[in-house]
Trainee: 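Submitted below is the structure of interest, expressed as structure tokens.
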Amino acid sequence: EGQQISAVLTNSIRTTPILFKAEYTPATKSLIRPYIEAGIGGNVISYSQYLGEFIGANDTYFKFALSGGLGVKIPFNKTTARSGVKLGGNFNYMPFDDEITDNLNNIGVHAGVYFPL
């Protein structure tokens with residue numbers, strides 16, 4: 001009597017996609033080369049729920065995932081095209097169903113430099 005209990009409820013979801021991807025570039029001789037990519041695989045999902053400082057739930061799942069994207073490659077050298085700038089976007093389809101959330105789908109954009117190792 002006369003006491004109160006208070007706690008903060010925190011949910012944490014971390015995803016790690018593991019996908020096999022394929023990329024197709026139809027215009028291999030032009031300066032700007034559009035591409036399309038597709039991927040299939042799985043998604044490792046780590047779900048944790050904390051009640052204040054105490055762990056309420058801690059689960060790991062492996063779920064099906066798909067990915068699709070498109071963009072352009074701008075090679076530094078027109079003849080070999082082994083390195084250049086890559087700009088694009090992608091959509092990851094990651095179905096998930098839980099009490100707190102469903103579907104971990106996401107959209108991303110990227111810009112970078114590609115080169116052979």
Side-chain angles (χ1 to χ4, degrees):
E1 191 173 317
Q3 296 180 354
Q4 294 180 354
I5 297 175
S6 176
V8 175
L9 177 65
T10 305
N11 293 299
S12 172
I13 297 176
R14 184 179 68 219
T15 64
T16 306
I18 301 171
L19 301 169
F20 295 100
K21 285 190 170 186
E23 182 179 295
Y24 174 67
T25 305
T28 58
K29 300 294 183 194
S30 64
L31 178 62
I32 297 175
R33 301 172 184 194
Y35 70 89
I36 186 167
E37 64 184 10
I40 188 169
N43 192 22
V44 179
I45 303 164
S46 298
Y47 171 76
S48 299
Q49 185 179 65
Y50 298 93
L51 304 168
E53 62 184 81
F54 304 105
I55 295 177
N58 192 9
D59 295 316
T60 301
Y61 307 96
F62 185 80
K63 301 285 186 175
F64 174 74
L66 290 173
S67 178
L70 49 92
V72 294
K73 291 181 178 180
I74 305 167
F76 295 140
N77 182 337
K78 189 175 178 181
T79 56
T80 61
R82 294 181 53 119
S83 60
V85 176
K86 186 175 181 179
L87 309 168
N90 65 327
F91 176 76
N92 292 316
Y93 174 69
M94 299 178 174
F96 183 72
D97 189 19
D98 192 72
E99 298 168 359
I100 305 300
T101 187
D102 58 347
N103 295 327
L104 300 173
N105 305 337
N106 58 73
I107 296 173
V109 294
H110 57 270
V113 176
Y114 65 94
F115 53 89
L117 295 177

Trainee: Which residue pairs pass the ring-ring contact (aromatic ring centres under 6.0 Å, His included) test when at least one of the two sits in residues 57-100, sequence neighbours left out?
Mentor: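 Sorted pair list: Y61-F96.
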
Trainee: For residues 59-73, which residue pairs qualify under salt bridge (charged side-chain N to carboxylate O under 4.0 Å, His left out), counting only residues two or more places apart or in two chains?
Mentor: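 Checked against salt bridge (charged side-chain N to carboxylate O under 4.0 Å, His left out) - neighbours excluded - the pairs reaching residues 59-73 are E23-K73.
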
Trainee: How would you list all residue pairs meeting side-chain hydrogen bond (donor to acceptor under 3.5 Å, both in side chains) that involve residues 104-117, not counting sequence neighbours?
Mentor: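 Found Y35-H110, N92-N106.
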
Trainee: Considering only distance and modelled atom types, tabulate donor-acceptor pairs under 3.5 Å from the side chains of residues 13-20, sequence neighbours left out.
Mentor:
| unit_1 | atom_1 | unit_2 | atom_2 | d |
| --- | --- | --- | --- | --- |
| R14 | NH2 | S46 | OG | 3.4 |

Trainee: Which residues pass the side chain to side chain donor-acceptor pair (under 3.5 Å) test with T10, not counting sequence neighbours?
Mentor: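 Expected list: none.
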
Trainee: Excluding sequence neighbours, so at least two apart, what forms side chain to side chain donor-acceptor pair (under 3.5 Å) with D97?
Mentor: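 Checked D97 against side chain to side chain donor-acceptor pair (under 3.5 Å); zero matches.
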
Trainee: What distance separates R33 CZ from T25 OG1, expressed to the nearest 0.5 Å?
Mentor: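 Nearest 0.5 Å value for the CZ-OG1 distance: 8.0 Å.
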
Trainee: Sequence neighbours excluded, which residues qualify as side chain to side chain contact (heavy atoms under 4.5 Å, CB included) partners of A27?
Mentor: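 Applying side chain to side chain contact (heavy atoms under 4.5 Å, CB included) to A27 gives S30, P34.
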
Trainee: Output the rest of the hydrophobic cluster of L51: all Ile, Leu, Val, Met, Phe, Trp and Tyr residues reachable through side-chain heavy-atom contacts under 4.5 Å, sorted by chain and number.
Mentor: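 L9, all in the cluster of L51.
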
Trainee: Starting from V72, can I reach V109 by hopping between I/L/V/M/F/W/Y residues whose side chains sit under 4.5 Å apart?
Mentor: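 No, because V109 and V72 fall into different hydrophobic clusters, even though each may have its own neighbours under 4.5 Å.
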
Trainee: Just to verify, what does Y50 make a ring pair (Phe, Tyr, Trp, His ring centres under 6.0 Å) with, not counting sequence neighbours?
Mentor: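 Here no residue qualifies.
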
Trainee: Just jot down the ring pair (Phe, Tyr, Trp, His ring centres under 6.0 Å) partners of Y47, sequence neighbours excluded, or say none.
Mentor: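 By the ring pair (Phe, Tyr, Trp, His ring centres under 6.0 Å) rule, Y47 matches no residue at all.
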
Trainee: If hydrophobic clusters are built from ILVMFWY residues whose side chains come within less than 4.5 Å, do I107 and L104 share one?
Mentor: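 In one cluster with I107: L104, no.
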
Trainee: Quick one: list whatever passes salt bridge (Lys or Arg N to Asp or Glu O under 4.0 Å) with E37, sequence neighbours left out.
Mentor: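 E37: salt bridge (Lys or Arg N to Asp or Glu O under 4.0 Å) contacts with K21.
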
Trainee: With a 4.5 Å cut-off on side-chain heavy-atom distances among I, L, V, M, F, W and Y, is there a chain of contacts connecting L66 to Y24?
Mentor: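 No.
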
Trainee: How would you list, by chain and number, every residue that makes a side chain to side chain contact (heavy atoms under 4.5 Å, CB included) with P116, sequence neighbours excluded?
Mentor: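 Checked P116 against side chain to side chain contact (heavy atoms under 4.5 Å, CB included); matches are R82, S83.
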
